[in-house]
Amino acid sequence: MSVRDTVEIGLNRFARRGYDLDEVSIVPSRRTRDVDDVSTAWQIDAFRFDIPLVTSPSDAVMSPATAVAVGQAGGLGVLNGEGLWTRYDDPAPVYREIAQAAAAGAPPVALLQKVYAQPVQPDLITARIKEMSDAGVTTAIRVSPQHTRQLAPAALAAGVDLLVIQGTIVSAEHVTSNGDALNLKEFIADLDVPVIVGGAANYTTALHLMRTGAAGVIVGVGADTYSTTDAVMGIRVPLASAIADAAAARRDYLDETGGRYVHVIANGRIETSGAIARALACGADAVQLGEPLRVAAEAPAGGVWWDSVAAHPRLPRGATSAPIEPAGSLADVLGGAAESADGRTNLFGALARTMAKTGYRDLKEFQRVDLVIGGAIGDGGR
């Protein structure tokens with residue numbers, strides 16, 4: 001960290017200056033393109049996707065059916081291996097209970113804590129993966145680092161295509177006094193499926209996670225409008241800077257390994273099409289979206305949103321939302337014609353138009369677009 005990167009906040013105490021996505025703007029180049037000549041496709045390991053979308057594993061937006069719908073729309077739907085669909089044979093009554101509570105406003109976090117107290121059933125992990133696989137889409141399931149050893153075997157035995165090991169903050173090796181730490185490098189080395197890990201908050205963590213053999217690294221702590229991680233734990237990651245740091249780690253790791261590319265997936269307060277474009281311009285290969293998908297008619301919670309950590313039994317770090325009316329089908333939200341000018345529908349059609357307006361053919365080229373720092377304009381992803 002150079003002197004230029006730091007600000008003195010008190011005598012002999014320095015802090016690094018970081019930038020959020022809404023402080024960064026994309027600068028058009030001398031060239032424009034026809035939008036029909038632009039590709040938003042990306043590929044991780046052997047799996048190709050038409051849009052750079054990895055969904056949040058929140059039960060508010062992801063069921064086996066919506067994960068299939070995301071796959072059919074060109075993205076990667078990630079089901080929560082520790083969510084309602086792996087705790088209940090039929091979670092429909094749970095969703096009804098949440099919907100009834102939402103009729104008076106946002107459902108209480110205590111309700112989420114109650115419904116998530118049901119134990120995870122590994123047999124249901126197997127059943128849900130089969131349900132998605134039978135539909136012919138790429139399957140992905142998320143497990144937390146602390147439950148990876150317990151739950152990942154069921155997912156792997158079921159033939160999951162991609163394993164996502166995700167927590168608020170993830171390190172290459174968790175230090176614990178009980179001697180049962182998960183060493184990601186050793187764990188990933190024994191697997192035949194690609195693994196996405198995260199979240200990372202800076203260059204060092206991103207580089208360490210890349211060295212585990214992961215195919216992708218999630219960058220950011222997933223903080224959206226309803227996140228209380230900052231208030232509860234004092235942790236907040238200016239995402240534009242975090243993505244740029246991870247992209248630098250990716251370049252260095254590419255040199256270190258002689259060509260092994262690890263994908264950077266941005267996660268946190270990416271709520272509009274403009275924020276998606278900014279995240280990719282900062283160096284991300286894809287974005288992880290959750291809350292923006294609650295406006296889809298297929299969202300299983302009927303427009304209510306909560307992040308998975310909102311149901312933590314001892315330290316919830318997220319609020320629930322009141323329900324919202326659907327803005328269209330999931331396909332409309334991702335790529336259909338927008339009927340409003342707020343950047344919350346046709347999310348990836350807007351990305352293609354941004355790329356066309358700035359003259360880039362594909363996502364790898366678009367990562368070289370010029371950026372400028374300025375004041376926030378509009379909601380900028382907030």
Side-chain angles (χ1 to χ4, degrees), residues 40 49-80 83-85 88 90-107 111-112 115 128 131-132 134-140 142 224-226 270-276 286-308 310 318-352 379 381:
T40 59
F49 303 95
D50 292 332
I51 54 176
L53 168 65
V54 177
T55 69
S56 163
S58 170
D59 290 318
V61 294
M62 279 297 107
S63 66
T66 51
V68 169
V70 168
Q72 293 170 341
L76 176 63
V78 181
L79 189 72
N80 189 0
L84 298 178
W85 293 91
Y88 297 88
D90 178 13
V94 176
Y95 280 112
R96 284 196 295 270
E97 187 176 3
I98 292 171
Q100 290 168 0
L111 173 59
L112 295 185
V115 299
R128 303 312 184 194
E131 185 177 343
M132 296 184 291
D134 286 349
V137 300
T138 302
T139 59
R142 173 262 177 187
D224 57 31
T225 299
Y226 296 93
I270 304 173
E271 298 170 3
T272 64
S273 53
I276 293 171
V287 295
Q288 186 169 53
L289 300 184
E291 189 270 338
L293 304 184
R294 73 183 177 115
V295 301
E298 298 93 328
V304 178
W305 166 254
W306 67 91
D307 191 68
S308 56
T320 57
S321 79
I324 191 171
E325 290 296 318
S329 69
L330 182 62
D332 289 335
V333 172
L334 298 180
E339 295 183 356
S340 64
D342 59 2
R344 294 180 179 270
T345 50
N346 195 8
L347 295 172
F348 293 93
L351 170 64
D379 67 6

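Predicted model only: the values in this text are computed from it and were never measured.
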Under the side chain to side chain contact (heavy atoms under 4.5 Å, CB included) criterion, do Ser340 and Thr345 qualify, and how do the steps go?
-> CA-CA 8 Å; Ser340 64; Thr345 50; 4.1 Å; yes
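- Among all heavy-atom pairs drawn from Arg344 and Val333, the shortest one is O-CG1, 4.0 Å.
- Summarising the geometry, atom CG belonging to Asp90 is positioned 11.0 Å from atom CG belonging to Leu84; distances are rounded to the nearest 0.5 Å.
- Leu347 has its side chain within reach of Leu289: a pair of non-hydrogen atoms, C-beta onward, lies under 4.5 Å apart.
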Given side chain to side chain contact (heavy atoms under 4.5 Å, CB included), test Val61 with Thr55 step by step and report yes or no.
-> CA-CA 9 Å; Val61 294; Thr55 69; 5.7 Å; no
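- Taking 4.5 Å as the limit, some side-chain heavy atom of Pro52 sits within range of a side-chain heavy atom of Thr40.
- Val295 pairs with exactly one of Leu330, Ile324, Asp332 by the side chain to side chain contact (heavy atoms under 4.5 Å, CB included) rule, that one being Ile324.
- Side chains of Val70 and Met62 form a contact here, defined as non-hydrogen atoms less than 4.5 Å apart.
- Formation of a donor-acceptor pair under 3.5 Å by the Thr272 side chain with backbone atoms of Gly343 is not found in this model.
- Contact of the Val54 side chain with the Phe49 side chain is not registered, since no non-hydrogen atoms from C-beta on lie closer than 4.5 Å.
- Of the possible polar contacts, one joining the Ser63 side chain to the Thr66 backbone as a donor-acceptor pair under 3.5 Å is found.
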Yes or no on side chain to side chain donor-acceptor pair (under 3.5 Å) for Thr225 and Glu271, after CA distance, side-chain angles and deciding distance?
-> CA-CA 9 Å; Thr225 299; Glu271 298 170 3; 2.9 Å; yes
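- Here the side chains of Leu112 and Ile98 are in contact, with some heavy-atom distance below 4.5 Å.
- Closest non-hydrogen pair, Thr139 versus Met132, comes out as CG2-CB, 3.7 Å.
- Taking every heavy atom of both residues into account, Ala297 and Pro326 meet most closely at CA-CB, 3.9 Å.
- Distance check, rounded to the nearest 0.5 Å: CD1 of Ile276 to CD1 of Ile51 gives 8.5 Å.
- In this structure, Arg128 contributes its side chain and Trp85 its backbone to a donor-acceptor pair below 3.5 Å.
- Using modelled atom types, no side-chain atom of Tyr95 and backbone atom of Gly302 make a donor-acceptor pair closer than 3.5 Å.
- Taking the side chain as every heavy atom from C-beta outward, Arg142 and Ser58 never approach each other to under 4.5 Å.
- A distance-only check finds no donor-acceptor pair linking the side chain of Asp224 to the backbone of Glu291 [under 3.5 Å].
- Contact of the Asp50 side chain with the Phe348 side chain is not registered, since no non-hydrogen atoms from C-beta on lie closer than 4.5 Å.
- The nearest pair of heavy atoms linking Ala310 to Gly318 is CB-O, 3.5 Å.
- Contact check for Ser56 versus Asp307: side-chain heavy atoms found under the 4.5 Å cut-off.
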